[in-house]
Protein chains: 6
Amino acid sequence: MQLHLSTWQEVEAYLANSKTIIIPVGSTEQHGPNGLIGTDAICPEVIAKGVGDETGIMVGPTLNVGIAQHHLGFAGSMAIRPSTMIQVVKDWTDSLRLHGFEKFYFLNGHGGNIATLMACFAELHGERSFAGAAGSNRPGIQCKLRNWWQGPKVNAISKKEYGAAEGSHATPSEVSVTYAAYPEAVKDVPMEPELAPRGGFTDAEDYRRTFPDGRIGSNPALASVEVGHQLIKAAVADTIDDLNQFKG
Amino acid sequence: MQLHLSTWQEVEAYLANSKTIIIPVGSTEQHGPNGLIGTDAICPEVIAKGVGDETGIMVGPTLNVGIAQHHLGFAGSMAIRPSTMIQVVKDWTDSLRLHGFEKFYFLNGHGGNIATLMACFAELHGERSFAGAAGSNRPGIQCKLRNWWQGPKVNAISKKEYGAAEGSHATPSEVSVTYAAYPEAVKDVPMEPELAPRGGFTDAEDYRRTFPDGRIGSNPALASVEVGHQLIKAAVADTIDDLNQFKG
Amino acid sequence: MQLHLSTWQEVEAYLANSKTIIIPVGSTEQHGPNGLIGTDAICPEVIAKGVGDETGIMVGPTLNVGIAQHHLGFAGSMAIRPSTMIQVVKDWTDSLRLHGFEKFYFLNGHGGNIATLMACFAELHGERSFAGAAGSNRPGIQCKLRNWWQGPKVNAISKKEYGAAEGSHATPSEVSVTYAAYPEAVKDVPMEPELAPRGGFTDAEDYRRTFPDGRIGSNPALASVEVGHQLIKAAVADTIDDLNQFKG
Amino acid sequence: MQLHLSTWQEVEAYLANSKTIIIPVGSTEQHGPNGLIGTDAICPEVIAKGVGDETGIMVGPTLNVGIAQHHLGFAGSMAIRPSTMIQVVKDWTDSLRLHGFEKFYFLNGHGGNIATLMACFAELHGERSFAGAAGSNRPGIQCKLRNWWQGPKVNAISKKEYGAAEGSHATPSEVSVTYAAYPEAVKDVPMEPELAPRGGFTDAEDYRRTFPDGRIGSNPALASVEVGHQLIKAAVADTIDDLNQFKG
Amino acid sequence: MQLHLSTWQEVEAYLANSKTIIIPVGSTEQHGPNGLIGTDAICPEVIAKGVGDETGIMVGPTLNVGIAQHHLGFAGSMAIRPSTMIQVVKDWTDSLRLHGFEKFYFLNGHGGNIATLMACFAELHGERSFAGAAGSNRPGIQCKLRNWWQGPKVNAISKKEYGAAEGSHATPSEVSVTYAAYPEAVKDVPMEPELAPRGGFTDAEDYRRTFPDGRIGSNPALASVEVGHQLIKAAVADTIDDLNQFKG
Amino acid sequence: MQLHLSTWQEVEAYLANSKTIIIPVGSTEQHGPNGLIGTDAICPEVIAKGVGDETGIMVGPTLNVGIAQHHLGFAGSMAIRPSTMIQVVKDWTDSLRLHGFEKFYFLNGHGGNIATLMACFAELHGERSFAGAAGSNRPGIQCKLRNWWQGPKVNAISKKEYGAAEGSHATPSEVSVTYAAYPEAVKDVPMEPELAPRGGFTDAEDYRRTFPDGRIGSNPALASVEVGHQLIKAAVADTIDDLNQFKG
């Protein structure tokens, strides 16, 4: 069930039986020579939709620009500051809590978001903690961060298909997912070198110097629509398993 | 051309010829008994895509939650605070300016966003004004806010098809656009009364009291996929006309 | 009745019968070669005082620096950022709500303030909307923004006296109002060209380039104390008409 | 010279010879049974005008709502938060620095403002200190806080006229100044007891409990237009003496 | 009693009998050629510990970086912005209020902190004042700022030992206190000139220009471990006297 | 070398050879029936001092209150909001960068700080990334977060001494470190049950309900001064190994 395609009465009916909502969180940032700038938003959005279709769990809007300051040296990359994300996540959850949502499942598509999302949760929970038991007039909430790629079924495919060429940014797995979702956007670009360098980074200038074409350790030329479909299916299944535990 | 489906090299190539980007701005809020909660995000997103496809102008990500505090009395509605939107729009444009974008065309889907978006522009321009000529190390930018429904071709259709039943919230025109975009989400819900009440509002409690099913002055039961297609086509044309002037 | 000239007991007595307060909102910015920098604060202050004197409605302090980043290229112009105005308007109304004021009538003197003031209202109303019905422990408020120049009686005079020379910034009408209020400040300065250019603008540098002496489309050399007195009288009457509707 | 009654060209001419501006800072808060709510704004405004008239030094707009949270238990009192004042003072001085003002003389009318104004100065100076010598592209500024009542000529009059009845809030001296400025607002209200209690306070509830009619230690029934005129004259002279040192 | 060396059950037991906590507030900033960068944090920390040991009153953590923008021209100096201190003090006291602490005694070691700490108190008290009696669900608090050097016993020693060589920054008294606390850190550095210059300052650049080695008016070469021990003893006694009044 | 015990000239000399500073980051929160509230600040402070003594690397002040909203249900616990920590870390590093520090090694004592510290780093690096290469006038910095307990030598001891009784909050290892540092604060308190429950948590109310005496999975009655000394020695060695890599 997708919030954007529902009426308010449908949401009201949903809330009579469930307090859970999935919120896809992505990023808008370079993904190397053949990866889409929207990769990290597209992946959780597509997978969340799959989960929602299969289980009937509500899927909210995608937070489509994330913590990506280190990619700002590449054209088209966008970022919000961590302090901005705290405000946004607060407003989104403040809204949804009003209606009765209490379990927020953030399906994440970007490693760079992890720390700040966890900081957001501390800020959200802290609001109630700082108010004290007496001062609090809303029920507590539960937040969970889940990266779409962290389940066993997804990992098995990535390992089998790409092995050491998976790398950690602009991976063939994530590029495959986007190709499956938008086959019209498949790009055929040679990689030079085949495997991108690995390493750490600080700011955008440092990142660009270390990873000249944007990839980290990966060879996304191996990406394909077919593997993308397998990965989506696997990620939907992995996520449903995890979500069932979260829903309790 | 869609930012989310491009690579950074493609964006770099685009910027050699154009400094313009369209940013759809929407909202996630109730739209009455048969209108989708995502209506105000879907409409500018679909129309911006049409403009991008036809003209090759870059279309950025959709700002999908907006200034909708007055709808928070209806399940599923989400809002960000105006002070949050200022931060978000600043981060988005700060990112895009780095790459050379200078002309920001915000295609808006929600009347409630207008004032705050204009305030965002004042904050953005002010950054450079407060820095003074000497202190400024980036070029000035241009921002334009355009509501997708304000062109002559769109108005002609709305008037002809819906006349007084158009109203001002949950209008048959906007519902039609979303039905054309997502025919699987068409809802068949009776309206009672046929025409919703009109009037002003302040906060969410006041809004809900005045407009019990969420509509203002409209009869969205008249919405149809067919008119939606006409409206999208008209809005694309209207927007291109306006955008040509903006691009100068 | 003026808040600044009242005692707290007098305000307490006033509140037994009325919940309404007028807050003049202005700006401190260049108004061309013969216009006063305080024009946009002086006009609503003088007119609000007239309304207060005639009707007994409470008039609060003037918010005398506004959203005027685009004028910062001219000596003496001052501005606050939109995000600052949100904080200020929140503090002012938070204070006044404590005492029982519920209807805030912002009499505005500067076009540049309009969007941000509306954003302030969304932020104010949102505070209660985000708190939900259960969480809210204060009554809702009503805010209205009114530009002093938008009534029919004022328009009739401006049109008759100045016609096409009225322009849109540093207008002979607003300059006349300030001359009537401060006849000692009347300036006799030739305008070159007689009618200033028209057009749009972004930041301070752009504004100054486009409008070299600060005026937009006007010839304020036509301003006079006499017309100023007529305009004040007309604006007081227009405002009272509108305020009577607002008070309900 | 008053900024509000000047044109931008006149300010430009002024800046060729002087970098100094006086900014009156006040408050809008109860001043006991016969004192005006605007007392703390009126006093520095009137005295600053006197200084400006006599010396030609520029006088800016009055910051008319201040740090007065402790008065919010009395109808009509208004306050801004310290964090808000920091933003406002930053915006005001950021604006004026652009034009070449470098010496900011804050003529204060409210004891409660002192600490926060000094904190504002630390924030302002800190902006340059944090930027480092290399990063700084504007000249340093000087800020001085001066309370209108702290000069020897004013003290002599207060002591002679009111002695122990001066107290520390709603003093006969400040009430006299406002009566001289607005003789139409003179109030004749009996004080009960004659001398108000003295003591400390924390928040608004504590203040109201300790000082039931708002006064601290004073008998403002002794205020008069005549003494007000003497005090204004004395304060203008005291301020000019101090300002001459500041201008260096 | 020190919070950092207590268990939560011990704090709970303490709160059954007392609502008071001492919070040392310092700074991390240059203190001339032989003074420690931690001087202003060390002094109140050591003295607060002495008070806590003697009286059993709870001593909280030390706020060890303060309002010291003017020292940023000297290596190792650190500062927080006033707006940051407001947030920190709010969070610290919000935490402690939850447990029942109501009387906050800030033992300060740095003159530059005074104004901003007072502004923090206005912000804290204001939170309750702005909420109104009805809206407030926590008891009021009391905050007191006390500089460790302001008591009579301390002053007698400083005057007797150092007289005119005390100066106002990097004083032999404060350096002595730190030498008594950390005798391993005693430095033997010649002062040139013996007495540092006096005067005012604005930002870091201005401070460094006026006070080339960081001292103001002092000769800290006179500092000694012995006088430090006397001063600590005196300051503990002075503080206990003052604290007894505060506890009421 | 400790910043607090150095003069500015000593820091200046240090910076001629090194750009590295260790900043201990802790928390002030309950640590069960026999653990000190200052545990998480004491541990990294003591270990950092050991590292500084052995290697000569500079050790800055301890950030002693952290992200601990979930402990606020226990008396004495303190917390700052994540958004506050972002401001504080920005101000601290902004200060130190001015002097030439470029490598910030945060030695952390509290798991709850990890996410927010990483978010702080993204905010810090982002400042430079958002400014672009042209706009940036300071060198990039490097930040590393290291938990004192994560090295192999520490783990070997914890495992050998405590095994399954180590748990994850109020562990015997961390309590031992504090006992070694402050033997006067050793507490002898029976644990009931011996091993605390394990699990997850959200806000303070949830935490207290799940972990009634504050511990998670641990038996800190096993803590001892002796093991504490071993752990400190091991942690100093582990940290030096890691720091040597970081210094590069």
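Proteins get letters first, then strands, A, B, ... in listed order; numbering begins at 1 in each. In what follows, every heavy atom counts, from backbone to side chain, and hydrogens, waters and symmetry copies are set aside.
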Applying a strict 4.5 Å limit to non-hydrogen atoms, the region of C/Y182 in contact with chain D is side chain
Could you walk me through whether C/V88 and D/Q87 pass side-chain contact (heavy atoms from CB on, under 4.5 Å), step by step? CA-CA 9 Å; C/V88 170; D/Q87 287 310 106; over 6 Å; no
Between C/T7 and D/P33 the two heavy atoms that sit nearest each other are CG2-O, 3.3 Å
On a heavy-atom basis, the closest approach of C/N64 and D/N64 is ND2-ND2, 4.0 Å
Okay, D/E184 and chain C: the region with an atom under 4.5 Å from a heavy atom over there is side chain
Do C/H4 and D/T28 pair up side chain to side chain, a donor and an acceptor below 3.5 Å, judged on atom types alone? yes
So, the part of C/L72 with a heavy atom under 4.5 Å from chain D: the answer is both
Separation between CD (C/E10) and CG (D/N34), nearest 0.5 Å, reads 10.0 Å
The interface call for D/Q9 against chain C, heavy-atom contacts under 4.5 Å, is side chain
With chain C, the option among D/L15, D/V11, D/T178 that has the most non-hydrogen atom pairs under 4.5 Å is D/V11
| task | Quick one: do C/R81 and D/D94 satisfy side-chain contact (heavy atoms from CB on, under 4.5 Å)? Show the steps, please. | result | CA-CA 11 Å; C/R81 289 165 174 88; D/D94 274 1; 3.4 Å; yes
From the list D/K187, D/H71, D/M85, D/M58, the residue making the most non-hydrogen contacts under 4.5 Å with chain C is D/K187
Distance col, row D/S6:OG vs C/Q30:CD, nearest 0.5 angstrom, shows 13.5 Å
Looking only at C/I21, C/V65, C/V189, C/T39, the option with the highest number of non-hydrogen pairs under 4.5 Å against chain D is C/V65
Tightest non-hydrogen contact, residues D/L3 and C/G76, listed as CD2-O, 3.6 Å
Of all heavy-atom pairs linking D/S95 and C/S77, the shortest is CB-O, 3.8 Å
CG (D/L98) and CE (C/M78) are apart, to the nearest 0.5 Å, by 11.0 Å
- prompt: So, is the end of the D/R208 side chain (NZ or CZ) under 6.0 Å from the ring centre of C/W8 and within 45° of the ring's axis?
  reply: yes
Output for pair (D/L5 CG, C/I42 CD1), nearest 0.5 Å, gives 5.5 Å
Bottom line for C/Q2: the part with an atom under 4.5 Å from chain D's heavy atoms is neither
If one checks every heavy atom of D/Q69 against chain C at 4.5 Å, the contacting part turns out to be neither
D/D91 side chain to C/T84 main-chain N or O, any donor-acceptor pair under 3.5 Å? no
